[in-house]
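Order of listing sets the numbers, starting from 1, for every ligand and every atom in it. Values below: all heavy atoms of this structure, side chains included; hydrogens, waters and symmetry mates excluded.
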Amino acid sequence: MLALSLAVLIGLPAVVARYFEGNGQQPITIDNQPDFIPFSQFLPQVQHANFTEYNDTAVLSEAEFQRMQSHVLYMYEGVHDRDSVRVDYVDCIAIREQPTYYHLKLGHIEQPPNVTSRGEREGHDTPGPSRSADSPLKLGLKDRFGNPISCKPGYIPMKRLTLEYLTNFTTLNDFFSKGRGGPGRERPNPQGVEWDVHKWASAFQQVENFGGNSWINLWSPKANFSLSQHWYVGGSGCSTQTVEGGWEVGSWWPTNGQAVLFIYWTNHNYNLSGCQTTEMYGCYNLDCPGFAQLNNNWYIGGIWDHYSTINGDQWGFEMQWKLYKDKWWLFLRGRGEYEAVGFYPSSIYKGGQIAHNASLVAYGGEASRMKDGSPFPPMGSGKFPSDGWSRAAFQNTIFWIPRDENDGVGEWTKLGLESKTPGCYDINITNFPAGGDWGTYIYFGGPGGTC
Ligand SMILES: *[C@@H]1O[C@H](CO)[C@@H](O)[C@H](O)[C@H]1NC(C)=O
Ligand SMILES: *[C@@H]1O[C@H](CO)[C@@H](O)[C@H](O)[C@H]1NC(C)=O
Ligand SMILES: *[C@@H]1O[C@H](CO)[C@@H](O)[C@H](O)[C@H]1NC(C)=O
Ligand SMILES: *[C@@H]1O[C@H](CO)[C@@H](O)[C@H](O)[C@H]1NC(C)=O
Ligand SMILES: *[C@@H]1O[C@H](CO)[C@@H](O)[C@H](O)[C@H]1NC(C)=O
Ligand SMILES: *[C@@H]1O[C@H](CO)[C@@H](O)[C@H](O)[C@H]1NC(C)=O
Ligand SMILES: *[C@@H]1O[C@H](CO)[C@@H](O)[C@H](O)[C@H]1NC(C)=O
Ligand SMILES: *[C@@H]1O[C@H](CO)[C@@H](O)[C@H](O)[C@H]1NC(C)=O
């Protein structure tokens, strides 16, 4: 009876909303998931699974099925010390036993550096009240038996990688790819133009940098793939490398269409056509050895406790990426102070550009349709930037980090170059000092459709 169901928390918006508006310490009055599989039974089941049982899933072939099976077993190879009380198939795993620590042999647990600040301004509360959303796992909630539903210090929440989940993808490569499956994969169209299924409304600055920061306004547009994020990019062609993060809605996240916190990395141009490799080239979240998480209460891949509404409250969170001494640190700030969530060790970039510094920062939205010919989904709130405050999506407090240092002060980003999609999505850049209290900011998004 210890196995309980944050599945309901993660899966049902109505329950989440009602619950989090109340007293954070109330027990959750939801039933146990009757078919919850304890971790101790889970791995043997994966070991003994065979393709026949999964022949009605999306997986393309028996060979791909076996690749998925091997990946799951590989990921949990080092895991022995874990918390048995889990929900939504999130396991609490000892920091040192998570796949990244185990497979990349990371050794001792690092002290995170301090965040980089923007000395002259604090807060992000004009022209209306923005509010800080938080990760449901960190609110100190308890289930109805009194068990905590967040992980204790020293353990990290990791979404369980099940064959049921992986076989929603045709191939293991699809699972690792940015965008995933139909909606995400860039394909050349018959005219030979690549990136046909992806559209952006984003702004760039080309500058040698060690990361950056923004406050990201949160929405959940109805879409198969739509996001708001940061990009830190280095290299070019097949050597293009990135550090990325933000929120994303995608038909493959099991969250009833609610946006999740995501991170992504690639060291080899996303394994796109012409840049194919058999080596690990990147993935989302904790789905492959890459990101080392240290923090026990931010659930990467999880939902938020609040989302913005048109003409209503504007919710969001602050994200900072910072390259400091060979680690790309991720900091998140919900209702409290920034917290160090973990890092990408620069070794995953194999001596490439991003292991030293990034040469471009970018902020904004990206969206994709399922297939050529179908309409593009909404981006941001679904409103164009000209709708402005409380209607259009934004990111503010956008600065970049100039040095490899602890503490430090950022530089306001001077966004110049932009990528937009007339008719579907637009972006409006306001650079500091014109941005006043918001520093450098962008409004972006749009309804999608045909463009
Ligand atoms: C595959 O699994 C099914 C269902 O558990 C079982 O009946 C079958 O014998 C298995 N096949 C092989 C080749 O192991
Ligand atoms: C899946 O395998 C079972 C058992 O071999 C078979 O009866 C069924 O027709 C297969 N389904 C598909 C979609 O191939
Ligand atoms: C981090 O910030 C705190 C508070 O501002 C400061 O006391 C401390 O010295 C900083 N740490 C380092 C290593 O710079
Ligand atoms: C990269 O893509 C190719 C072609 O789809 C695929 O064969 C290969 O397995 C992919 N690499 C990885 C690590 O998934
Ligand atoms: C996702 O794509 C499918 C197939 O094109 C479509 O039927 C569905 O409505 C889309 N979902 C959303 C939320 O846009
Ligand atoms: C994965 O596929 C199964 C059917 O095989 C489906 O029931 C489930 O909803 C899918 N999960 C996601 C997240 O798409
Ligand atoms: C950025 O990295 C390149 C190597 O790719 C190096 O030449 C350059 O000095 C680095 N810049 C800074 C500011 O460290
Ligand atoms: C762009 O943003 C600025 C500053 O908020 C605003 O004054 C201007 O009207 C906006 N332009 C459009 C086309 O929305």
Inset, instruction - Decide if the gap between the ring center of Trp321 and the ring center of Tyr344 is smaller than 6.0 angstrom. - result: yes
Inset, instruction - Look at ligand 4 and say whether Leu172 reaches it with a heavy atom at a distance under 4.0 Å. - result: no
Let me have the donor-acceptor pairs involving side chains of residues 101-113, under 3.5 Å, with sequence neighbours excluded, atom names and distances please.
residue: His103; atom: ND1; partner: Tyr74; partner atom: OH; Å: 3.4
residue: His103; atom: NE2; partner: Tyr74; partner atom: O; Å: 2.7

Inset, instruction - Test ring-ring contact (aromatic ring centres under 6.0 Å, His included) on Trp247 and Tyr307 and set out the steps. - result: CA-CA 11 Å; Trp247 62 252; Tyr307 297 91; 8.2 Å; no
Legend entry - Flag side-chain contact, heavy atom, 4.5 Å: Phe42 against Val72: yes
Legend entry - Among Phe176, Trp252, Phe175, the one residue meeting side-chain contact (heavy atoms from CB on, under 4.5 Å) with Tyr284: Trp252
Inset, instruction - Mark up the atoms of ligand 4 that fall under 4.0 Å of a heavy atom belonging to Glu279, in ascending order. - result: 13 (C)
Are there any protein N or O atoms under 3.5 Å from the N or O atoms of ligand 7? List them with distances, or say none.
residue: ligand 7; atom: 2 (O); partner: Gln353; partner atom: NE2; Å: 3.4
residue: ligand 7; atom: 2 (O); partner: Asn357; partner atom: OD1; Å: 3.3
residue: ligand 7; atom: 2 (O); partner: Asn357; partner atom: ND2; Å: 2.4
residue: ligand 7; atom: 5 (O); partner: Gln353; partner atom: OE1; Å: 2.9
residue: ligand 7; atom: 5 (O); partner: Gln353; partner atom: NE2; Å: 3.4
residue: ligand 7; atom: 11 (N); partner: Glu208; partner atom: OE1; Å: 2.9
residue: ligand 7; atom: 11 (N); partner: Asn357; partner atom: ND2; Å: 2.8

Inset, instruction - Taking only heavy atoms of Asn55 into account, list the atoms of ligand 2 that are under 4.0 Å away from them. - result: 1 (C), 2 (O), 3 (C), 8 (C), 10 (C), 11 (N), 12 (C), 13 (C), 14 (O)
Legend entry - Gln47 atom CD, neighbour heavy-atom count above 12 within 6.0 Å: yes
Inset, instruction - Kindly say whether the aromatic ring centers of Trp304 and Trp298 come within a distance under 6.0 Å. - result: yes
Inset, instruction - Decide whether Tyr264 and Glu248 meet the rule of one side-chain donor and one side-chain acceptor closer than 3.5 Å. - result: no
Inset, instruction - Give yes if a backbone or side-chain nitrogen or oxygen of Thr277 is under 3.5 Å from a nitrogen or oxygen of ligand 4, and no if not. - result: yes
Inset, instruction - List every atom of ligand 2 that sits less than 4.0 Å from any heavy atom of Thr52, numbering the atoms from 1 in the order shown and giving each element. - result: 2 (O), 4 (C), 5 (O)
Legend entry - Per-atom contacts, ligand 4 versus Thr278 - under 4.0 Å to a heavy atom: 13 (C)
Legend entry - Backbone of Gly282 reached by a side-chain donor or acceptor of Thr266 within 3.5 Å: no
